[in-house]
Amino acid sequence: MPELPEVEVVRAGLAPAVHDATVASVTVFDERSLRRHPGPSEDFTDRLIGRTFTSAMRRGKFLWLPLKPPPSERVLSEIQENGATSATDVVRHAATADQSPEFPTEALVVHLGMSGQVLLRAPGAPDDRLTRIRIGLSTPAHGTLFMNFADQRIFGSMAIDELVPTADGQPGGCGSALPLVPRSVAHIARDPLDPAFDDRRFFAALTTRRTGVKRALLDQALISGIGNIYADEALWAARVHYDQQTNTLSRARAKLLLAEVRAVLAKALTEGGTSFDAQYVNVNGASGYFSHSLSAYGQQGKPCPRCGRPIVREQFMNRGSHFCPHCQRLRVVTV
DNA sequence: CGTTGGCCCTGATCGC
DNA sequence: TGCGATCAGGGCCAAC
């Protein structure tokens with residue numbers, strides 16, 4: 001259930017380790033984790049070996065590591081003349097010989113899905129359970145590291161994808177000023193913590209749409225980064241029923257809801273992300289969650305922290321919706 | 001075209 | 001002790 005705060009914790013933990021790190025090895029244990037990769041696992045491996053990451057970026061729940069352009073033909077022939085003993089050698093050589101300031105053109109795209117984890121491990125560390133892909137890194141800051149992608153339910157994935165310019169010219173996401181985004185992430189809206197998030201456009205969409213507000217909050221093409229947990233939390237904080245039609249929300253209520261979305265995400269972010277049943281583990285492998293401070297999600301039967309009446313759980317959109325029937329009433333409005 | 005329902009996927013947990 | 005049933009839900013796509 002990693003949502004924006006959890007993915008951001010992973011991104012922030014990954015960033016210093018992957019900066020200028022070169023891929024020395026790739027092991028794919030389960031090809032299903034490459035479902036979103038356009039090609040066989042050999043293609044994934046071949047395109048990654050010897051490449052160097054520049055940074056770690058995130059938009060909503062999507063994470064990506066831009067790749068420096070591969071060495072030019074000229075550099076490759078130089079290497080052939082001088083000899084190289086490893087892929088790391090090749091890229092080291094390329095970095096010094098090929099001073100091209102080119103933008104990255106592709107990236108390793110990571111989505112954690114329901115249960116994905118990215119774990120950084122030193123050589124010789126015990127295997128992480130359910131590791132589907134292991135990427136060996138040669139890093140300037142930490143020497144050799146392994147980046148393990150573990151995923152129980154295999155809803156998550158890794159893929160290499162082309163980077164395309166952002167529509168608004170703003171940075172593609174959090175973590176770098178690079179105004180690029182993977183093609184497969186381009187349709188994902190900016191998240192509400194992104195400085196380039198367009199509030200007015202969001203409000204306008206709410207008045208246009210004919211759907212329930214929780215469905216809208218979970219629509220990553222409208223606003224990204226929110227999952228089932230923080231949707232329930234933000235709706236509880238704003239006292240809005242999950243199935244309230246978006247076009248019946250007053251502008252003031254919509255503004256309050258967006259503010260509560262931001263507050264809930266920011267709070268979780270400062271506490272290191274929320275995690276349940278050890279499904280979510282941060283980049284170092286430590287579980288970081290603060291489920292005790294959840295007001296609605298998973299609190300069915302417990303008293304509403306605001307009014308004391310029991311929180312109720314209902315099925316909605318094939319997931320659980322937790323809310324206070326007293327504080328969050330469905331308002332039927334004639335428009 | 002906007003909206004909606006269904007499907008993917010497996011380990012942990014629970015009850016008998 | 002063993003085993004089957006149940007549960008978790010993000011993202012995508014077909015269908016309406």
Side-chain angles (χ1 to χ4, degrees), chain A residues 1-8 10 29-38 58-64 109-118 127-133 149-159 161 181-191 201-202 204-235 242-248 261 265 268 273-281 287 289 291 294 296-301 313-323:
Chain A
M1 302 162 226
E3 304 180 28
L4 185 155
E6 292 79 28
V7 181
E8 174 56 21
V10 173
F29 298 105
D30 196 322
E31 301 215 2
R32 291 173 298 178
S33 291
L34 293 177
R35 187 182 343 205
R36 296 172 67 104
H37 181 76
R58 179 195 56 77
R59 174 186 293 201
K61 306 171 196 172
F62 281 85
L63 187 65
W64 67 93
V109 182
V110 184
H111 197 286
L112 301 179
M114 288 290 303
S115 51
Q117 305 169 11
V118 180
D127 292 345
D128 290 302
R129 296 187 58 246
L130 309 172
T131 296
R132 312 297 186 183
I133 297 169
F149 180 72
D151 188 12
Q152 183 212 125
R153 294 174 217 177
I154 321 186
F155 277 23
S157 64
M158 280 187 161
D161 193 19
V181 67
R183 186 178 290 283
S184 55
V185 183
H187 68 290
I188 299 295
R190 291 185 177 279
D191 61 65
R201 193 165 150 188
F202 174 69
L206 289 184
T207 60
T208 309
R209 292 211 173 189
R210 299 281 308 171
T211 190
V213 63
K214 181 170 177 182
R215 188 180 286 276
L217 288 181
L218 295 177
D219 184 347
Q220 307 296 303
L222 175 62
I223 181 171
S224 69
I226 306 167
N228 201 42
I229 298 167
Y230 298 120
D232 281 0
E233 289 300 299
L235 288 167
Y242 63 82
D243 207 18
Q244 185 78 36
Q245 295 297 292
T246 58
N247 62 336
T248 67
V261 164
L265 295 178
T274 309
S275 178
F276 306 99
D277 57 23
Q279 282 299 333
Y280 168 74
V281 182
S287 179
Y289 245 118
S291 54
L294 293 173
Y297 182 87
Q299 307 302 304
Q300 59 271 25
R313 182 183 196 272
E314 287 180 2
Q315 281 292 120
F316 178 69
M317 288 177 69
N318 280 329
R319 6 179 102 70
S321 271
H322 313 74
F323 69 108

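Chain letters run A, B, ... following the sequence lines, proteins first, then strands; residues in each count from 1.
- Comparing A/Ile154 and A/Gly212 by the nucleotide of DNA chain B that holds the closest heavy atom to each, the one mapping nearer the 5' end is A/Gly212.
- The distance from atom CZ of A/Arg215 to atom C1' of B/dT3 is 7 Å, rounded to the nearest whole Å.
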> What string of B, S and - do you get for nucleotides 11-16 of chain C 5' to 3' if you count protein non-hydrogen atoms under 4.0 Å?
Replying inline: SS----
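- OP1 or OP2 of C/dA8 lies within a sub-4.0 Å distance of a side-chain N or O belonging to A/Arg313.
- Taking the side chain as every heavy atom from C-beta outward, A/Leu217 and A/Tyr230 never approach each other to under 4.5 Å.
- The CG atom of A/Leu206 sits 15 Å away from the C1' atom of B/dT3 (whole-angstrom rounding).
- Atom-to-atom, CZ of A/Arg59 to C1' of C/dG10 comes out at 18 Å; the value is rounded to the nearest Å.
- Contact annotation: A/Arg35 reaches the phosphate of B/dC9 (side-chain N/O to OP1 or OP2, under 4.0 Å).
- Judged purely by distance below 3.5 Å, without hydrogens or angles, the side chains of A/Lys214 and A/Ser321 pair a donor atom with an acceptor atom.
- Residue A/Arg210 places none of its side-chain N or O atoms closer than 4.0 Å to OP1 or OP2 of B/dG2.
- Aromatic ring pairs are classed by plane angle as parallel below 30°, tilted from 30° to 60° and perpendicular above 60°; the pair A/Phe62 and A/His111 is perpendicular.
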>> Before you tell me yes or no, could you show the steps for A/Val109 and A/Met158 under side-chain contact (heavy atoms from CB on, under 4.5 Å), namely the whole-Å CA-CA distance, both residues' side-chain angles and the distance that decides it to 0.1 Å?
In response: CA-CA 6 Å; A/Val109 182; A/Met158 280 187 161; over 6 Å; no
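- Between the P atom of B/dT3 and the CD atom of A/Gln245 lies a distance of 10 Å, rounded to the nearest Å.
- Taking side-chain N and O atoms only, A/Arg129 has a distance below 4.0 Å to OP1 or OP2 of B/dA12.
- Rounded to whole angstrom, the span from the CG atom of A/Asn228 across to the P atom of C/dC7 amounts to 15 Å.
- Remark: A/Arg201 pairs with A/Asp198 by the side-chain contact (heavy atoms from CB on, under 4.5 Å) rule, at least two apart or across chains.
- A donor-acceptor pair shorter than 3.5 Å can be found between the side chains of A/Ser115 and A/Asp151.
- Scanning all heavy atoms of the two residues, the minimum distance from A/Arg58 to A/Trp64 falls at C-CZ3, 3.9 Å.
- One atom, CG of A/Asp219, and another, P of B/dT4, lie 11 Å apart when rounded to the nearest Å.
- Residue A/Gly156 is classed as having no contact, given no heavy-atom separation below 4.0 Å to the nucleic acid.
- Distance A/Tyr242 OH to B/dT4 P: 14 Å, rounded to the nearest Å.
- Put simply, CZ on A/Phe316 is 14 Å from P on B/dG6, counting in whole angstrom units.
- The phosphate of B/dT4 (OP1 or OP2) has a side-chain N or O of A/Thr211 nearer than 4.0 angstrom.
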